[in-house]
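In this chain, numbering begins with 1 at the start of the sequence shown. Note that this is a predicted model, so its numbers are computed, not measured.
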Amino acid sequence: MEFSYAHKNTSCGERQTATAQFNVPRLSAQVQELRLAAFEREIPVSDDETLCLLKTLLTAKQPQNILELGTAVGISAAVMLSVCPNAKVTTIERDENFYSEALKNFKSLGISQSVTAIAGDAGEEIQKLDDKFDFIFLDCAKVQYVKYLPCLKQLLTKGGILVADDILLFGYVTGEKEVPKKRKMLVEHVKEYITAVTTDNELQTTILNVGNGVALSVKL
């Protein structure tokens, strides 16, 4: 199956941290099979460390209502529901092929009844949501993170957790790697998000050196 946009920076490998060797998530055989198949096609699926962090946070929080921006083929939503089987997940994906494949995966995993999958632009779709969410996983177009933040804050309950993935961008944001010219604007937008969440009086935020970088924010 072909997809409509580039999914990852294939010019360099996945960013590896010193703790990656310890943070290997325990996943069901079916989910792991779907995940490995996605990796083989270079589909953006959360790395081991990020999934480990998600599972730990979800185990502690046990949210009832989860919002995900960036479904891809549904792997992260499935992992979140494996930790919180009584939760409801609303997940948004703009790529029609990803969306269709995610629906098939949700059905094969037997979790369709727990997922509200929305096909569309995340920025437009979050404006239409009436629910409040106690956990939000932000893993869509990185350049839009700072633009989406005001709406996401409104959707997040007090004490709710907002996790923004890929916040260090292969080490470009931290200076570990030189920023390619074509990525400079993207890096600036991500830095704007980091500044926004770390200086916001309504959020308590820590930037974590986990996987490709995570911004972990709790609404005060």
Side-chain angles (χ1 to χ4, degrees), residues 4-20 23 42-54 56-57 66-72 76 91-95 98 121-127 129 133 135-156 159-220:
S4 63
Y5 60 93
H7 313 309
K8 75 172 188 176
N9 184 346
T10 55
S11 66
C12 59
E14 291 294 325
R15 181 175 180 272
Q16 290 290 316
T17 69
T19 54
N23 294 325
E42 297 188 349
I43 293 173
V45 179
S46 295
D47 60 28
D48 282 355
E49 283 208 288
T50 302
L51 288 182
C52 276
L53 178 63
L54 279 180
T56 301
L57 291 171
I66 299 170
L67 173 63
E68 177 183 49
L69 277 63
T71 313
S76 50
T91 184
I92 304 171
E93 176 56 54
R94 71 178 183 181
D95 185 287
F98 278 4
D121 178 80
E124 296 174 3
E125 296 301 331
I126 58 176
Q127 301 287 339
L129 297 175
F133 300 89
F135 195 96
I136 299 176
F137 183 41
L138 179 56
D139 191 22
C140 56
K142 318 310 170 192
V143 72
Q144 303 294 345
Y145 278 16
V146 71
K147 179 182 176 182
Y148 296 163
L149 182 59
C151 186
L152 295 179
K153 281 175 55 182
Q154 291 181 353
L155 293 171
L156 193 62
I161 297 173
L162 168 61
V163 175
D165 198 14
D166 300 317
I167 210 72
L168 299 183
L169 286 175
F170 305 100
Y172 299 151
V173 172
T174 56
E176 296 167 58
K177 294 187 177 181
E178 183 178 353
V179 182
K181 187 175 181 179
K182 66 179 180 179
R183 301 288 186 185
K184 287 185 177 180
M185 187 60 67
L186 172 59
V187 170
E188 288 306 310
H189 282 299
V190 171
K191 286 183 176 180
E192 287 176 13
Y193 179 85
I194 292 173
T195 297
V197 293
T198 55
T199 61
D200 193 309
N201 291 330
E202 295 181 279
L203 298 172
Q204 175 61 51
T205 298
T206 299
I207 306 302
L208 300 173
N209 187 27
V210 170
N212 202 24
V214 170
L216 173 59
S217 304
V218 178
K219 187 173 180 178
L220 301 175

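Atoms CG and CD, on D121 and Q144 in that order, are 7.0 Å from each other to the nearest 0.5 Å. Taken from CG in L208 to CD1 in I167, the straight-line distance is 11.0 Å, to the nearest 0.5 Å. Atoms CD and OH, on E125 and Y148 in that order, are 10.5 Å from each other to the nearest 0.5 Å. Atom CG of L67 sits about 11.5 Å away from atom CZ of F137, to the nearest 0.5 Å. The CD1 atom of I161 lies 11.0 Å from the CD1 atom of I136; values are rounded to the nearest 0.5 Å. Atoms CG and OG1, from D139 and T71 in turn, are 10.0 Å apart once rounded to the nearest 0.5 Å.
The two atoms that bring E93 and A72 nearest to each other are OE1-N, 2.8 Å, heavy atoms only. Contact record, S46 with L51: CB-CD2, 3.7 Å, taken as the closest heavy-atom pair.
Put simply, the side chain of C140 does not reach to within 4.5 Å of the side chain of I92, judged on heavy atoms. Residues Q204 and N201 fail the side-chain proximity criterion, which asks for heavy atoms closer than 4.5 Å. Within the 4.5 Å cutoff, no side-chain heavy atoms of V143 are placed close to those of M185. In this structure, K142 and L169 have side chains that are in contact, with non-hydrogen atoms separated by less than 4.5 Å. Between F135 and L57, some side-chain heavy-atom pair lies under the 4.5 Å cut-off. Looking at L149 and L162, their side chains come closer than 4.5 Å, going by heavy atoms from C-beta outward.
Looking at V214, L216, L168 one by one, the single match for side chain to side chain contact (heavy atoms under 4.5 Å, CB included) with I207 turns out to be L168. With N212 as the partner, the side chain to side chain contact (heavy atoms under 4.5 Å, CB included) test is satisfied by one option alone out of T50, D166, T17: D166. Checking each of L186, V179, V187 against V173 for a side chain to side chain contact (heavy atoms under 4.5 Å, CB included) leaves exactly one that passes, namely V187.
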From CA spacing to verdict: side-chain hydrogen bond (donor to acceptor under 3.5 Å, both in side chains), N23, D48 = CA-CA 6 Å; N23 294 325; D48 282 355; over 6 Å; no
message = Please determine whether side chain to side chain contact (heavy atoms under 4.5 Å, CB included) holds for the pair N209 and T174, giving the CA-CA distance in whole Å, both sets of side-chain angles, and the decisive distance to 0.1 Å.
response = CA-CA 10 Å; N209 187 27; T174 56; over 6 Å; no
request  = List the steps and the verdict of side chain to side chain contact (heavy atoms under 4.5 Å, CB included) for F98 and I43.
outcome  = CA-CA 9 Å; F98 278 4; I43 293 173; 3.9 Å; yes
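Residues satisfying the salt bridge (charged side-chain N to carboxylate O under 4.0 Å, His left out) criterion with E192, sequence neighbours excluded, are absent altogether. Residues that satisfy the ring pair (Phe, Tyr, Trp, His ring centres under 6.0 Å) test with Y145, not counting sequence neighbours, are Y193.
Looking only at distances, no side-chain donor or acceptor of K177 sits under 3.5 Å from a matching main-chain atom of G175. Looking only at distances, a side-chain donor or acceptor of E49 sits under 3.5 Å from a matching main-chain atom of G211. Under the 3.5 Å distance criterion, the side-chain polar atoms of T205 are matched with a main-chain donor or acceptor of V197. Using modelled atom types, one side-chain atom of K219 and one backbone atom of K153 make a donor-acceptor pair closer than 3.5 Å.
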